[in-house]
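All remarks here apply to the structure that follows.
Just so you know, ligand 1 is whichever comes first in the structure, and atom 1 is the first atom listed for that ligand.
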Amino acid sequence: GFDYPEWLNVGVELTDRMVERGFGDNTALIGNGRRRTYKELSDWTNRIAQALTDDYGLKPGNRVLIRSANNPAMVACWLAATKAGLIVVNTMPMLRAGELIKTIEKAEIQLCLCDTRLMDEMVTAAKESKYPTLVIGFDGTANHDAELDRMALGKSVRYQAVKTGRDDVALLGFTSGSTGVPKVTMHFHRDLLIIADAFAKEILDVTPNDVFVGSPPLAFTFGLGGLAIFPLRFGAAATLLESATPAKMIEIIETYKATISFTAPTAYRAMMAAMDGGADLSSLRVAVSAGETLPGPVFEEWVRKTGKPIIDGIGATEMLHIFISNRIGDSKPSCTGKPLTGYEAIVVDEDMNEVARGKVGLLAVKGPIGCRYLADDRQKDYVRNGWNLTGDSFTQDEDGYFHFAARSDDMIVSAGYNIAGPEVEAALLKHEAVLECAVIGVSDEARGTIVEAHVVLTKGSERGELMVKTLQDHVKAVIAPYKYPRSIVFTESLPKTESGKIQRFRLKQNLPA
Ligand code: 3SK
């Protein structure tokens, strides 16, 4: 079991407790040209925590939004807020004001901590939000020249962290779901340790000698676990990259002798392409792939080219992190592996009856962490009879291994990002040239899946390359740019049911209207 004391603060466990356990001089975080030890991280977070409570009057249970690219300052803000008993929503730099407003309102955010380089959209969002919220800047490069840094600098390194209960909410994870209406998952302090004590311990066997590298944003629980919680739980080091290009990932592995990498399959593919001029990956112990299923050929090419193990796993924001995974030494192509210790998984039909081995059905999982949506009717769809239905279709083979079949809903998973088709449609429809549209995911050699928009133009609007570019730029300006449709198909009409519902499955399967 995962037994933790009744009073547990994950921010304290990952900083002060590590110093007490003798890791004070170990490197904890590397980024923006600096290394920070566990002792420095403990002091840094204690100072910020005091600024949050003393200068901004925040109280335990208040909610804080953090807006930043992956860097040590973002991790410090997250840990400090957690130490102060605050509930954190981490957000990606790519979010636009409209998306930030939805986040502020849904999560009832009291204070936004924002990298000063990303202030514009944040300030607009805070002004336009119906929920009153304050925006404080911090310097992502950690040179102490922004407001939060100045406030923190004057504080003592001694701080009595808030005594939170192990079942107190520490983190709110946003997931946009197939409809594009955000769902918020609540995670407790203990959940944030369980993911380390389950996946990082059992599958990766992390030691203080490990050095982590990866690309997923800390705003996704995949990134927060892989690039902050997992290393910090075991006295290891995390390298944080504001822009994790494939070439940069390779450079970091070579420079810092990184041992564990975290990214999505498309990035592993891109790394292999970037490696063609030669790369020294000898330090790497294991590559972790998640975010979307790892195609068999990518698995095989990785092993052939690098000689290093790559393990595929499936996780979900609702479940906080990976719950079914391959193991080092027991990792096969086109296979997601077996549940982690403490988790159970089955494949069921719509009535929750288990289907025969080898038959495709819905993945149902239960374990020490489960979905808890914040005030959302969709809770009953995700959790049925105590099982979490992740929205993925799987088979289980005779030997108990799980194999991914498809996403069960309309969510498009592209290059590791979850993109809700309806949200892209809504953005397109804001353009005067778009009469109707339907957005689907289509297979793409390089990215696995890309967003494709089928568009009916208004009278007088001209099809062609210029229109494609205009609509793509328009979407990038309205919502986070990574959601833009990489492919646009112009059409006279969209396939619809009698009652007028668009039949996206016909577009996906190339069926006649
Ligand atoms: O959403 C995912 O795909 C995921 C994968 C691994 C860990 C965490 C998450 C949210």
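- Near I322, meaning under 4.0 Å from any of its heavy atoms, are these atoms of ligand 1: 6 (C), 7 (C).
- Below 4.0 Å from some heavy atom of F222 lie the following atoms of ligand 1, by number and element: 6 (C), 7 (C), 8 (C), 9 (C).
- Scanning the protein heavy atoms around atom 9 (C) of ligand 1, the nearest turns out to be A316 N, 3.7 Å.
- When only non-hydrogen protein atoms are considered, atom 3 (O) of ligand 1 lies nearest to G291 CA, 3.3 Å.
- Between F23 and Y38, the two ring planes are tilted [angle within 30° to 60°].
- In this structure, F199 and F262 have perpendicular ring planes: the angle between them is above 60°, well past the 30° mark.
- In this structure, a donor-acceptor pair under 3.5 Å is absent between the side chains of E318 and T185.
- Shown in contact with T317 at under 4.0 Å from a heavy atom are these atoms of ligand 1, numbered in order with element: 10 (C).
- Within ligand 1, counting atoms from 1 as listed, the ones closer than 4.0 Å to a heavy atom of A290 are 5 (C), 6 (C).
- Remark: among candidates G315, G225, P216, the nearest residue to atom 5 (C) of ligand 1 is G315, based on non-hydrogen atoms.
- Across all non-hydrogen atoms, the minimal contact from L340 to I322 is CD1-O, 3.2 Å.
- Counting heavy-atom neighbours within 6.0 Å of K257 NZ, excluding the residue itself, gives a total above 12.
- The shortest heavy-atom contact between L79 and L41 is CD1-CD2, 3.8 Å.
- Heavy-atom contacts of T221 reach the following atoms of ligand 1: 8 (C), 10 (C) (cutoff under 4.0 Å).
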